[in-house]
Amino acid sequence: MTQFEKKCLIEVMLYILNSTKGTDIYHVLKILYFAEQKHLVKWGSRITADEFRAYECGPVADQLYHAIKNSHLRDKELPEMLSQVAHFAGDDAPNVLLAKREADLDYLSQSAIECLNESIQENVGLTFNQLKEKSHDAAWQESYQGKDDLMSSLSIAQAAGATESMLEYIKDNIDIEKALA
């Protein structure tokens with residue numbers, strides 16, 4: 001992930017934390033997943049560069065999750081960036097993250113903000129079990145094989161009801177990215 005992509009990911013997380021006045025890790029990750037789905041369906045692109053993996057409890061933005069947990073990271077910079085802008089609430093709520101500052105909206109597109117707002121509104125009040133059931137969609141089911149397996153943007157969009165033309169657009173963009181890599 002580039003420096004810019006890391007910064008965007010941090011600002012997206014801050015946006016979620018500020019909009020919810022702080023929430024648990026699980027809600028942050030699921031709100032982001034459903035916002036990514038919405039963005040793929042509507043615009044054919046992702047909000048962040050973080051890859052989603054199918055974990056037992058649902059889809060997880062891989063680098064963000066490991067930065068929050070400060071574990072198994074290929075990139076040691078992201079946890080440091082995260083610790084500068086967010087912190088855990090404390091002993092009474094050890095999984096709740098709170099923002100130390102407002103998100104820098106220069107790193108979020110209007111379309112990203114729109115999809116994040118919709119996802120926050122739809123998911124912030126759901127319980128752990130409701131989010132788990134909702135996120136165990138076709139994309140998760142296709143990818144989950146008992147370990148943390150990579151989910152494709154195409155499958156994520158398809159599970160959210162993207163049209164055939166949008167799926168073709170996403171597929172073309174994936175092919176272009178692979179060719180340029």
Side-chain angles (χ1 to χ4, degrees), residues 1-40 45-128 131-132 134-135 139-140 143 147-153 156 177:
M1 207 181 295
T2 68
Q3 191 67 25
F4 179 77
E5 290 168 339
K6 291 177 201 176
K7 182 73 171 151
C8 290
L9 181 60
I10 293 293
E11 298 306 323
V12 165
M13 183 204 64
L14 280 173
Y15 187 84
I16 294 168
L17 293 179
N18 282 303
S19 297
T20 60
K21 308 292 186 237
T23 191
D24 61 87
I25 299 165
Y26 196 72
H27 275 81
V28 168
L29 295 169
K30 296 308 174 258
I31 287 168
L32 177 55
Y33 175 70
F34 293 120
E36 290 280 10
Q37 273 192 328
K38 290 175 180 304
H39 206 269
L40 281 164
S45 64
R46 301 274 311 275
I47 295 173
T48 72
D50 203 351
E51 296 180 308
F52 282 85
R53 293 194 176 273
Y55 282 40
E56 182 178 350
C57 292
V60 170
D62 190 48
Q63 291 296 309
L64 181 59
Y65 173 76
H66 288 296
I68 292 169
K69 291 292 196 176
N70 202 7
S71 65
H72 311 304
L73 280 174
R74 298 176 296 266
D75 181 346
K76 303 295 184 200
E77 185 179 32
L78 201 55
E80 176 60 30
M81 292 171 70
L82 191 140
S83 71
Q84 292 174 11
V85 299
H87 63 92
F88 286 101
D91 293 337
D92 291 341
N95 289 323
V96 172
L97 283 167
L98 301 171
K100 293 181 180 178
R101 66 167 174 81
E102 292 293 319
D104 184 344
L105 299 183
D106 288 341
Y107 288 89
L108 281 75
S109 67
Q110 284 301 106
S111 62
I113 291 170
E114 176 186 307
C115 292
L116 285 163
N117 286 340
E118 288 176 24
S119 183
I120 290 165
Q121 184 178 13
E122 293 170 8
N123 298 295
V124 73
L126 298 182
T127 66
F128 175 90
L131 282 173
K132 183 178 176 182
K134 182 178 178 182
S135 67
W140 178 87
S143 299
K147 58 186 188 305
D148 308 333
D149 295 304
L150 189 62
M151 298 172 70
S152 77
S153 294
I156 292 169
E177 286 176 17

Give me the atom names and distance for the closest heavy-atom approach of [X] to [Y].
X: Pro59; Y: Lys30; result: O-NZ, 2.6 Å
X: Ala93; Y: Ala89; result: O-CB, 3.6 Å
X: Met13; Y: Ala86; result: CE-CB, 3.9 Å
X: Ser119; Y: Phe34; result: OG-CB, 3.4 Å
X: Leu32; Y: Ala61; result: CD2-CB, 3.8 Å

Identified side chain to side chain contact (heavy atoms under 4.5 Å, CB included) counterpart of Leu64 within the set Ile25, Asp50, Leu78, Val12: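 Only match with Leu64 under side chain to side chain contact (heavy atoms under 4.5 Å, CB included): Asp50.
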[X] side-chain N/O to [Y] backbone N/O, donor-acceptor pair under 3.5 Å:
X: Tyr26; Y: Cys57; result: yes
X: Asp62; Y: Arg53; result: no
X: Ser143; Y: Ala54; result: no
X: Glu36; Y: Thr48; result: yes
X: His39; Y: Cys115; result: no

Whether Tyr65 and Tyr55 hold their rings parallel, tilted or perpendicular, with breakpoints at 30° and 60°: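 Because their plane-to-plane angle is over 60°, the rings of Tyr65 and Tyr55 count as perpendicular.
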Can you name the side chain to side chain donor-acceptor pair (under 3.5 Å) partners of [X], sequence neighbours left out?
X: Asp24; result: His27
X: Glu80; result: Gln84
X: Glu122; result: Lys38
X: Ser83; result: none

Residues forming a side-chain contact (heavy atoms from CB on, under 4.5 Å) with Lys100, sequence neighbours excluded: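 side-chain contact (heavy atoms from CB on, under 4.5 Å) check on Lys100 returns His87.
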Partner set under side-chain contact (heavy atoms from CB on, under 4.5 Å) for Gln3, not counting sequence neighbours: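 If we apply the side-chain contact (heavy atoms from CB on, under 4.5 Å) test to Gln3, skipping adjacent residues, the hits are Lys6, Glu77, Met81.
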Lys7: partners by salt bridge (Lys or Arg N to Asp or Glu O under 4.0 Å), with sequence neighbours left out: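 Applying salt bridge (Lys or Arg N to Asp or Glu O under 4.0 Å) to Lys7 gives Glu11.
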Partner set under salt bridge (Lys or Arg N to Asp or Glu O under 4.0 Å) for Glu114, not counting sequence neighbours: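 Listed in chain order: Lys42.
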Tell me which donor-acceptor pairs under 3.5 Å the side chains of residues 16-23 have, and how far apart each pair is, sequence neighbours excluded?
residue	atom	partner	partner atom	Å
Asn18	ND2	Leu14	O	3.0
Asn18	ND2	Arg101	O	3.0
Ser19	OG	Tyr15	O	2.9
Thr20	OG1	Ile16	O	2.9
Thr20	OG1	Leu17	O	3.3
Thr20	OG1	Gly22	N	3.4

For residues [X] and [Y], determine if any side-chain heavy atom of one lies less than 4.5 Å from a side-chain heavy atom of the other.
X: Ile156; Y: Arg46; answer: no
X: Asn117; Y: Ile113; answer: yes
X: Leu108; Y: Leu116; answer: yes
X: Leu126; Y: Val124; answer: no

Heavy atoms from other residues, nucleotides or ligands near CD of Glu5 exceed 12 (cutoff 6.0 Å):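 Check passes, neighbour count above 12.
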Pairing residues for Tyr33 by the ring pair (Phe, Tyr, Trp, His ring centres under 6.0 Å) criterion, not counting sequence neighbours: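 Once residues adjacent in sequence are excluded, the partners of Tyr33 under the ring pair (Phe, Tyr, Trp, His ring centres under 6.0 Å) criterion are Phe52.
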Ring pair (Phe, Tyr, Trp, His ring centres under 6.0 Å) involving Phe88 - partner list, sequence neighbours excluded: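 So Phe88 forms no ring pair (Phe, Tyr, Trp, His ring centres under 6.0 Å) with any residue.
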Audit row: Glu51, Gln63, side-chain contact (heavy atoms from CB on, under 4.5 Å) steps and yes/no: CA-CA 7 Å; Glu51 296 180 308; Gln63 291 296 309; over 6 Å; no
